[in-house]
Amino acid sequence: AEEAAAPAAGDMGATVDAFLSGIPEGFLAMGKIDDVKAAIDSGIFLIDVREPGEFAEGHIHGAVNIPLRTVAQSLDLIPSDQPVLVYCASGLRAGTATGALRLLGYDNVKSFPGGWKAWSAAGGEVSTEAAEAQTFAPKEVDAAALAAVDAFLSAIPEGFYSVGDVAKLQEAIDNGAVLIDVREESEFADGAIPGAINIPIRTLAKSMDKVPADQPVVVYCASGHRAALANAMLHTLGYDNVRVFPAGYGAWEAAQGEAAADEAAAP
């Protein structure tokens, strides 16, 4: 049988490739709490992309709330000429927003994948007061890219395309989902989820022939950040069959270890 035609990428394919292939070392993430605190002390612009109710219950002091689905409609609230750090609860939405903004040319944006959970656990300064929103001269953005990004973000469903935990991932695999591992080749060689296809994130846009458009796809990485970026790019290109396993290979490996230990301990 002939394969279903992939969504038409057109110029967006080139835009996505330019972004992905140019991702620097560190993958646009600020992972360490100490680095985040230092960045905040230096005046980095903080964006919290959680829902208003989550934000109101507590957020990093000084953060501006721009819920993920509204990011492309709120560019006048996002500076393009100073460092910006995006966070959410635990990384998926922040990675999605970072990818979307980078695609629109905001090369000043990074993600804090640990998010609110990591900040709270580390005893970071918490606020329930909203920072006063400022407006900025919007960056000149490609109209087609903005339309594609807004169409994706504004229509994100409940659950933000997350598959959920290891059990839910196993269910997806059992139901025929294609797994794509966007880690580097060396990471993949050290261990991967059985059956996964390795497409390192920087090569994703050049490897679209490996991404089916007509069956469920789940992307994963080590701990969710790269998978969130990849998911955002695939959806922007029209692949609405893609979801993310945010917990990543680390969680899968831990679950397999626990299962083996339980089996060994069984009478």
Side-chain angles (χ1 to χ4, degrees), residues 7 9 12-31 47 49-50 66 68-69 71-72 78 83-115 118 145-146 148-153 155-156 159-163 178-185 187-188 196-208 210-211 217-251:
M12 277 308 298
T15 305
V16 167
D17 185 34
F19 160 57
L20 290 176
S21 60
I23 290 176
E25 200 66 40
F27 302 101
L28 310 174
M30 193 178 289
I47 297 175
V49 294
R50 295 176 300 158
I66 306 177
L68 178 62
R69 296 183 182 95
V71 164
I78 302 171
V84 171
L85 189 63
V86 183
Y87 76 93
C88 61
S90 54
L92 175 57
R93 285 174 279 179
T96 303
T98 298
L101 287 167
R102 284 272 177 165
L103 194 63
L104 295 177
Y106 283 76
D107 55 9
N108 56 321
V109 178
K110 283 189 176 180
S111 169
F112 169 34
L146 181 60
V149 167
D150 186 39
F152 158 55
L153 291 178
I156 288 177
F160 304 99
Y161 292 114
S162 169
V163 167
V178 173
L179 288 183
I180 295 177
D181 182 326
V182 295
R183 297 175 300 158
E184 298 298 281
E185 287 177 4
E187 295 173 273
F188 185 79
I197 301 163
N198 183 212
I199 308 177
I201 189 166
R202 296 185 182 96
T203 70
L204 184 60
K206 292 184 177 76
S207 309
M208 297 308 293
K210 296 179 183 172
V211 183
V217 171
V218 178
V219 289
Y220 76 91
C221 60
S223 56
H225 173 67
R226 282 173 280 178
L229 294 176
N231 180 65
M233 294 308 104
L234 289 168
H235 276 275
T236 302
L237 292 175
Y239 285 77
D240 56 7
N241 56 318
V242 179
R243 290 187 294 164
V244 190
F245 175 50
Y249 183 65

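Quick note: numbers below take in every heavy atom, side chains included, and nothing from hydrogens, waters or symmetry partners.
Minimum heavy-atom separation, R226 to C221: N-SG, 3.5 Å. Closest heavy-atom contact between P24 and R202: O-NH2, 3.2 Å. Of all heavy-atom pairs spanning A94 and V86, the tightest one is CB-O, 3.7 Å. In terms of heavy atoms, R243 sits closest to S162 at NH1-O, 4.5 Å. Contact record, H225 with S111: CE1-CB, 3.6 Å, taken as the closest heavy-atom pair.
L179 CG to N198 CG: the interatomic distance, rounded to the nearest 0.5 Å, is 12.0 Å.
Side chains of L204 and V16 form no contact here, defined as non-hydrogen atoms less than 4.5 Å apart. Side-chain contact between F152 and I156 is present, with heavy atoms from C-beta onward closer than 4.5 Å.
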Return all side-chain donor-acceptor pairs below 3.5 angstrom for residues 227-237, not counting sequence neighbours, or 'none' if the list is empty.
residue	atom	partner	partner atom	Å
N231	OD1	H235	NE2	3.3
H235	ND1	Y239	O	3.4
H235	NE2	V242	O	2.7
T236	OG1	A232	O	2.7

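Relative orientation of the F245 and Y220 rings is perpendicular, given thresholds of 30° and 60° on the angle between their planes.
Of the residues I199, I180, I197, the one that meets the side-chain contact (heavy atoms from CB on, under 4.5 Å) test with S207 is I199. For the pairing with V84, the side-chain contact (heavy atoms from CB on, under 4.5 Å) check across T98, L101, V109 returns one residue only, V109.
A cation-pi arrangement, defined by a distance under 6.0 Å to the six-membered ring centre and an angle within 45 degrees of its axis, is present between R93 and F160.
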